[in-house]
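First up is the structure itself, then whatever we jot down about it.
Every chain is numbered from 1 and lettered A, B, ... according to where its sequence line falls, protein lines coming before strand lines.
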Amino acid sequence: MERYDAAIAEPKWQKVWDERGAFRAERDESRPKFYVLEMFPYPSGKIHMGHVRNYSLGDVMARYKRGRGFNVLHPMGWDAFGMPAENAAMQNNTHPGTWTYQNIDAMRAQLKAMGFSYDWEREFATCDPEYYAQQQALFLDMLEAGLIYRKNSVVNWDPVDQTVLANEQVIDGRGWRSGALVERRELNQWFFRISDMADELLAAIDGLKDWPDKVRLMQANWIGRSEGLEFDFEIAANDLSQSEKLTVYTTRHDTLFGASFAAISPDHPLAAEIAGKVPGLEDFITECRQMDTTEAAMETAEKKGFATGIEVIHPFDPNWRLPVYVANFILMDYGTGAIFGCPAHDQRDLDFARKYGLDVVAVVCPEDSDPATFEVENEAYVGPGKLINSRFLDGMEIAEGKEAVASRVGTRKVNFRLRDWGVSRQRYWGCPIPIVHCEKCGIVPVPKEDLPVKLPDDVALDQPGNPLDRHPTWRQVCCPECGGPALRETDTMDTFADSSWYFARFTCPDAKTPTDQADINYWMNVDQYIGGVEHAILHLLYSRFWCRAMHLTGHLPKSAIEPFEALFTQGMVTHETYSTLDSEGRPIWHAPDDLTAGEDQTLVVKETGESVSVGGSTKMSKSKRNVVDPEAIIAAYGADTARWFMLSDSPPDRDVEWTAAGVEGAARFLQRVWRLASEIAGTDRGDEPATFSEAAFALRKTTHRTIQGVGEDIESFTFNKAVARLYELANAISKLGSEDSDLRFARREAMEAMARLMEPMVPHFAEEIWALLGHSAPVVETPWPEAQEDLLSDDVIVMPVQVNGKKRAEISVPADAAKDTIEDMALTDASVQRFMDGKPPKKVIVVPGRIVNVVV
RNA sequence: GCGGGCGUGGUGGAACGGUAGACACAAGCGACUUAAAAUCGCUAGGGCUUAGCCCGUGCGGGUUCGACUCCCGCCGCCCGCACCA
């Protein structure tokens with residue numbers, strides 16, 4: 001028998017959709033819109049299974065909503081700026097732009113082969129000058145609105161590559177590329193005032209009802225609001241410093257009488273002031289600055305301090321003096337860069353106090369301890385309790401104590417963990433910051449009519465550093481204000497800026513301004529955003545900020561300051577790992593393709609015949625070599641098989657393990673449905689019979705329940721359940737023959753539903769069987785079916801009967817039976833009576849339509 | 001350390017507080033075949049004294065007529081954040 005041939009069907013239907021403009025989105029005020037968006041990819045060169053999953057999920061939603069009558073916007077583009085292009089350019093001696101656009105071409109072809117329902121006419125790349133021109137315009141408006149400023153900031157500087165490194169690019173204190181010892185250097189950089197919006201960004205998280213709780217929590221923690229007190233210590237007269245006071249920030253002002261030292265950051269102005277005057281302090285500060293700032297190092301780093309010799313005076317006792325240390329664990333950019341230490345109730349302070357022999361005085365006593373004897377040894381007490389050893393605070397609860405202190409000294413202050421967003425990058429392949437530096441006029445924005453500030457094409461990437469700095473002419477410009485000689489800003493924007501508003505641009509990709517009001521009002525917000533949880537914080541937070549900034553500058557309405565109505569974060573695609581050991585016992589990883597079945601069914605390496613050990617399933621990665629290339633799967637099975645497998649079994653928010661057997665299974669199922677459809681296509685549909693046999697009626701009910709259920713499952717992102725229902729429907733169809741007209745009718749009805757319901761998941765395949773069944777219009781243009789109410793319920797239902805909570809019988813009762821009737825039927829059932837053991841029922845619980853429980 | 005999530009057959013997973021294991025993968029048996037592939041059918045949580053019964057959702061308690069589901073306490077795994085005062 002003929003088989004379904006994806007290699008023929010898939011390109012054929014892609015062409016049909018394309019010719020009919022099936023997925024083109026046009027503004028139409030008369031129809032409700034639905035904006036589905038998947039996180040756009042970085043054009044690395046080829047798509048990977050993570051993309052296949054992400055975009056398959058999004059396509060299910062887009063196609064389903066289209067079937068439901070929504071005017072669907074489902075665009076695709078490219079997050080195309082970034083370092084990999086520069087690295088590739090250096091390695092291959094090409095231009096980053098050439099490399100990027102070639103990759104885009106290759107990946108676009110792959111995505112098209114997957115049959116995703118994108119409106120390709122809206123496609124753009126963030127490196128298109130037309131896009132970044134508008135981003136520059138936004139930058140200028142935001143600058144004018146006071147949302148952007150310049151300040152000096154300490155960065156990780158790689159002295160060999162002459163570039164700034166992100167924290168993640170510093171490994172064991174060295175640059176990840178050059179291996180050079182990273183320095184902390186102060187540079188003048190551009191910042192977005194995201195921290196000014198910290199409170200607002202935090203409060204608005206409550207409104208993000210259709211975001212995963214996990215993501216909302218991660219954002220809340222990232223913003224990190226804390227309420228505390230800022231107050232001054234008077235500095236005791238000394239020979240070292242002219243400063244009169246030291247301002248500290250604390251959230252535990254209730255423990256002020258447990259203070260035994262003050263500490264400042266190595267970057268604190270006071271430290272700088274006295275560094276030269278205290279022997280050894282300069283070296284200590286330098287040492288601190290070289291300290292590794294990675295997480296792993298932080299965890300193990302020792303608390304170190306340096307006594308300055310300066311003392312401060314306790315705010316409530318002029319005779320009480322506290323030594324001031326410079327300490328390596330105090331951060332300059334949180335609070336005031338200075339603290340007071342209360343060792344008894346803060347673990348870090350305790351470690352520090354034990355090391356330097358400072359007093360440890362407990363001032364909070366737990367409820368169940370004796371205030372007279374309570375002491376802190378090696379573990380700081382951070383729980384609730386009453387204040388002790390604290391003069392006028394004695395006997396108060398912590399909250400009362402905080403009140404009492406705050407009413408006498410200092411100012412209440414809310415601090416956030418969130419810092420301003422530094423966007424300057426000393427790189428070529430990014431959006432140029434549209435600024436000119438003039439000796440006379442200072443910082444001058446490039447006039448909007450001169451935008452875009454285009455990247456020069458003729459750049460030399462064969463040396464370290466920013467090629468824009470070295471370009472012979474690009475920097476030299478005339479000052480837009482005075483006309484005198486001036487220099488362009490050579491920093492480019494963080495690529496997170498590019499992805500912070502692309503979703504808005506998709507609504508109007510050709511507009512001459514960043515956004516078009518009519519388009520924005522119609523299409524925004526994104527109704528369903530789908531992507532990896534790895535973007536839970538930065539990308540999503542920056543986007544929320546950027547949209548607020550776009551609102552403040554008149555580019556978005558108030559309603560769009562939260563751009564993503566609903567967010568779904570999908571799991572990873574994993575695969576088993578295979579390894580052998582080298583002579584030193586280190587694992588050598590083997591790709592699935594390099595293996596074959598050995599004699600005793602175990603896996604062996606094709607070339608050497610060595611048997612491999614099978615490791616756990618982990619995220620597909622080059623280093624573990626457990627990667628399966630989507631292109632190979634499409635070539636072997638077709639896009640629909642890959643899509644069907646991706647959607648089967650695993651709930652979309654969990655990891656899915658890619659297995660060869662699973663793919664085979666998916667392919668087999670499609671062939672099976674194909675055979676069924678062919679068989680049914682060969683029979684007449686006929687008119688709807690007046691009566692149905694029990695079997696035909698049952699199939700009709702299954703069909704309509706499937707219609708109902710698949711819709712619900714798609715709405716709730718449990719696509720695996722939708723797939724299971726479709727399996728069940730297929731099973732139900734194949735159980736029956738076509739000998740009678742009512743069966744023929746029911747089977748055809750079921751198969752037509754099957755085709756329509758499968759379309760969001762396996763669209764080419766669905767088109768093929770839809771056509772096979774005799775339809776001339778594509779299934780994508782066919783409305784989603786409605787389940788027939790009367791076929792969703794049963795006249796007679798089977799109810800389980802429990803005796804003392806254990807199922808003992810089943811009874812068939814009319815669906816509309818009264819409770820009493822059901823109870824009578826249950827109690828007279830032979831099996832139920834046997835387990836009642838002749839005793840009278842103490843209680844009978846009847847849950848209509850569900851269960852009966854007899855308690856004896 | 002802080003925060004969050006998860007734990008169900010050989011495997012992925014189903015199950016408004018109401019028949020645990022739907023559906024699938026892998027497996028086994030059978031049919032068709034000279035044979036294989038493909039296909040179709042059947043079996044399948046564990047146990048027993050097997051018309052049937054008992055035990056089973058990481059472990060221990062609790063609430064309830066009834067708990068995979070809710071509550072408390074453990075154990076294990078995964079993820080996020082982390083010197084944030």
Side-chain angles (χ1 to χ4, degrees), chain A residues 1 3 212-222 224-226 228-229 248-253 255 263 265 291 293 295-303 327-331 333-342 345-349 351-352 382 415-419 533-534 536-537 571-572 617 645 648-651 653-657 659-666 668-669 671-672 675 718 720-731 734 798-810 831 834 841-847 849-856:
Chain A
M1 190 190 232
R3 288 169 64 83
D213 288 343
K214 177 170 63 170
V215 174
R216 303 198 310 171
L217 202 73
M218 281 163 74
Q219 290 222 347
N221 289 341
W222 186 262
R225 185 179 200 275
S226 81
L229 184 75
V248 299
Y249 175 75
T250 179
T251 56
R252 288 305 301 273
H253 28 300
T255 64
S265 162
M291 205 177 59
T293 52
E295 277 181 31
M298 294 284 212
E299 199 175 354
T300 49
E302 209 181 341
K303 309 272 169 286
N328 64 353
F329 62 92
I330 310 299
L331 306 171
D333 49 5
Y334 187 79
T336 60
I339 61 147
F340 78 82
C342 174
H345 306 290
D346 181 290
Q347 193 58 45
R348 276 165 318 174
D349 294 351
D351 295 345
F352 191 82
V382 295
N415 258 320
F416 294 93
R417 223 188 66 106
L418 182 68
R419 324 276 172 75
V533 74
E534 66 271 20
I537 299 175
M572 297 180 300
S617 198
F645 172 72
S648 315
D649 293 350
S650 289
D653 54 344
R654 286 201 218 167
D655 291 352
V656 59
E657 184 180 20
T659 63
V663 178
E664 291 280 354
R668 261 203 312 272
F669 177 69
Q671 292 298 344
R672 197 179 130 214
R675 283 194 306 273
T718 48
N720 55 316
K721 283 158 69 181
V723 167
R725 282 182 209 278
L726 290 165
Y727 271 102
E728 280 173 308
L729 182 58
N731 292 345
S734 25
V798 175
M799 284 177 77
V801 182
Q802 297 180 326
V803 178
N804 288 335
K806 283 188 179 151
K807 186 195 153 195
R808 298 302 183 186
E810 280 180 351
S831 180
R834 189 153 68 85
K842 280 189 197 142
K843 196 172 177 184
V844 180
I845 290 116
V846 179
V847 185
R850 280 270 167 216
I851 204 165
V852 181
N853 192 8
V854 180
V855 187
V856 291

* Asked: Are any of A/N853's side-chain N or O atoms less than 4.0 Å away from OP1 or OP2 of B/U19?
  -> no

* Residue-phosphate contact under 4.0 Å: A/R216 side-chain N/O, B/G80 OP1/OP2 -> no

Nucleotide paired to [N] in any strand shown, Watson-Crick or G-U, under 3.5 Å:
N: B/A20; answer: none
N: B/C70; answer: B/G62
N: B/U50; answer: none
N: B/A31; answer: B/U39

Under 4.0 Å between any heavy atoms, over every strand shown, what does [X] touch: base, sugar-phosphate, or nothing? Just pick one.
X: A/Y727; answer: sugar-phosphate
X: A/Q671; answer: nothing
X: A/K806; answer: sugar-phosphate

Separation of [N] [atom2] from [X] [atom1] (nearest whole Å):
X: A/I851; N: B/U64; atom1: CD1; atom2: C1'; answer: 14 Å
X: A/Q802; N: B/G18; atom1: CD; atom2: C1'; answer: 6 Å
X: A/R668; N: B/A37; atom1: CZ; atom2: C1'; answer: 12 Å
X: A/K214; N: B/C78; atom1: NZ; atom2: P; answer: 15 Å

* **hbond_proxy A/R675 side chain to B/C40 base (donor-acceptor, 3.5 Å cutoff)** => no

* Structure fact -> RNA chain B nearest-nucleotide lookup for A/R252 and A/N804: closer to the 5′ end is A/N804

* Nearest listed nucleotide, side chain of A/A661, among B/U19, B/A26, B/C53 -> B/A26

* Structure fact -> Closest to the side chain of A/A724, out of B/A85, B/C23, B/G18, is B/C23

